[in-house]
Amino acid sequence: MAIILLLHGANLNLLGEREPEVYGTSNLADYVTATTIAGKAAGHTVEAMQSNHEGELIEAIHKARGRAAAIIINPGAFTHYAWAIHDALAAFDGPVVEVHISNPNAREPWRNTSVVAPVALGSIAGFGIHGYELAVVAVSRVLAGK
């Protein structure tokens, strides 16, 4: 079973409470559960972590090198300015999929730039919890060479 590291960035610990009109009512545990179920169905193990601290996410990415097969990341607000996360992901040797619950490109202009996208295999945005399931499918197909 390949390991997929699921990372959540700033403020995503408040899912279900913060701006439910934008992010819905599912909480972080719901997202982790959905991703874990999708991962298991695809024959993978999902390890999840959330942090409001950029450095902790960077450390998790570094520790995933040579251990995890892929990373699915919702960087939250780090998406738009965390070049250190960009650099850490660039040094990871497996596929990276960026996922967002809402569609940042349909929101405020400052959300239109992602520093993660250039080092990600692809980005999935706007599909809520289903985007995470789609990310697992994408990673699984890439890992299987399809």
Side-chain angles (χ1 to χ4, degrees), residues 1-19 22-105 110-146:
M1 291 184 108
I3 296 171
I4 298 172
L5 180 60
L6 174 63
L7 297 175
H8 287 95
N11 299 311
L12 293 172
N13 56 305
L14 299 178
L15 285 173
E17 302 171 28
R18 177 179 167 249
E19 297 182 79
V22 174
Y23 301 108
T25 56
S26 297
N27 62 33
L28 182 60
D30 297 330
Y31 281 87
V32 171
T33 298
T35 309
T36 300
I37 290 169
K40 187 174 182 180
H44 305 299
T45 300
V46 174
E47 295 179 1
M49 134 179 222
Q50 184 279 329
S51 181
N52 294 315
H53 304 281
E54 184 178 358
E56 288 182 4
L57 293 169
I58 292 165
E59 290 294 332
I61 295 165
H62 289 180
K63 289 177 183 173
R65 295 179 67 209
R67 192 179 71 75
I71 295 175
I72 297 171
I73 183 168
N74 182 340
F78 294 135
T79 300
H80 314 294
Y81 68 87
W83 287 102
I85 289 176
H86 164 105
D87 290 348
L89 290 169
F92 179 74
D93 55 357
V96 173
V97 174
E98 175 187 28
V99 66
H100 294 283
I101 296 163
S102 67
N103 181 355
N105 292 314
W110 65 267
R111 294 183 191 270
N112 295 173
T113 300
S114 169
V115 300
V116 172
V119 293
L121 179 64
S123 301
I124 300 171
F127 294 101
I129 205 162
H130 302 298
Y132 285 69
E133 296 161 339
L134 293 169
V136 171
V137 170
V139 162
S140 296
R141 289 187 178 170
V142 169
L143 293 175
K146 296 180 183 176

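Look at R67 and E47 and you find a salt bridge, because one of the NZ, NE, NH1 or NH2 atoms lies within 4.0 Å of a carboxylate O, short of that distance.
The distance from the CE atom of M49 to the CD1 atom of I73 is 10.0 Å, given to the nearest 0.5 Å. In this structure, I58 CD1 and H86 NE2 are separated by 12.0 Å, a value rounded to the nearest 0.5 Å. Of the inter-residue distances, the one linking L57 atom CG with I85 atom CD1 reads 5.0 Å to the nearest 0.5 angstrom. Atom-to-atom distance recorded for L15:CG and T25:OG1 is 10.5 Å, nearest 0.5 angstrom. With rounding to the nearest 0.5 angstrom, the CG atom of N13 is 11.0 Å from the CG atom of N27. Between atom OG of residue S140 and atom CD1 of residue I4 there is a gap of 5.0 Å, rounded to the nearest 0.5 Å.
Side-chain contact annotation: N74 with Y31, donor-acceptor N/O pair under 3.5 Å absent. Looking at H80 and S114, their side chains never bring a donor and an acceptor atom within 3.5 Å of each other. No donor-acceptor contact under 3.5 angstrom links the side chains of E54 and N52, judged on distance only.
At least one donor-acceptor pair closer than 3.5 Å links the side chain of R65 to the backbone N or O of A91.
Qualifying side-chain hydrogen bond (donor to acceptor under 3.5 Å, both in side chains) partners for E59, counting only residues two or more places apart in sequence or in other chains: none.
Remark: of the listed residues F78, Y81, W83, W83 is the sole one forming a side chain to side chain contact (heavy atoms under 4.5 Å, CB included) with V115. With respect to E98, the side chain to side chain contact (heavy atoms under 4.5 Å, CB included) criterion is satisfied by exactly one of V119, I124, L121, V116: V116.
Counting heavy atoms from C-beta outward, L6 and V32 have side chains that approach closer than 4.5 Å. Side-chain contact between S123 and H100 is absent, with no heavy-atom pair separated by less than 4.5 Å. When side chains are defined from C-beta on, I101 counts as touching Y132, because their heavy atoms get closer than 4.5 Å.
Atom NE2 of H130 has 12 or fewer heavy atoms from other residues, nucleotides or ligands within 6.0 Å. With a 6.0 Å radius and a threshold of 12 heavy atoms from other residues, nucleotides or ligands, F127 has its CZ atom at or below the threshold.
When every heavy atom of A135 is checked against every heavy atom of V97, the shortest pair comes out as CB-CG1, 3.8 Å. Closest approach of A125 and S102 over heavy atoms only: CB-O, 3.7 Å. Across all their heavy atoms, A60 and L5 have their closest contact at O-CD2, 3.7 Å.
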Stepwise side chain to side chain contact (heavy atoms under 4.5 Å, CB included) test for L143 and H44 = CA-CA 10 Å; L143 293 175; H44 305 299; 4.0 Å; yes
I72 vs L7, side chain to side chain contact (heavy atoms under 4.5 Å, CB included): CA-CA, chis, key distance, verdict | CA-CA 6 Å; I72 297 171; L7 297 175; over 6 Å; no
Between I61 and I71, does a side chain to side chain contact (heavy atoms under 4.5 Å, CB included) hold up when you go through it step by step?
-> CA-CA 8 Å; I61 295 165; I71 295 175; 4.1 Å; yes
Apply the test side chain to side chain contact (heavy atoms under 4.5 Å, CB included) to residues E133 and V137: give CA-CA distance (whole Å), side-chain angles for both, the deciding distance (0.1 Å), then the verdict.
-> CA-CA 6 Å; E133 296 161 339; V137 170; 5.8 Å; no
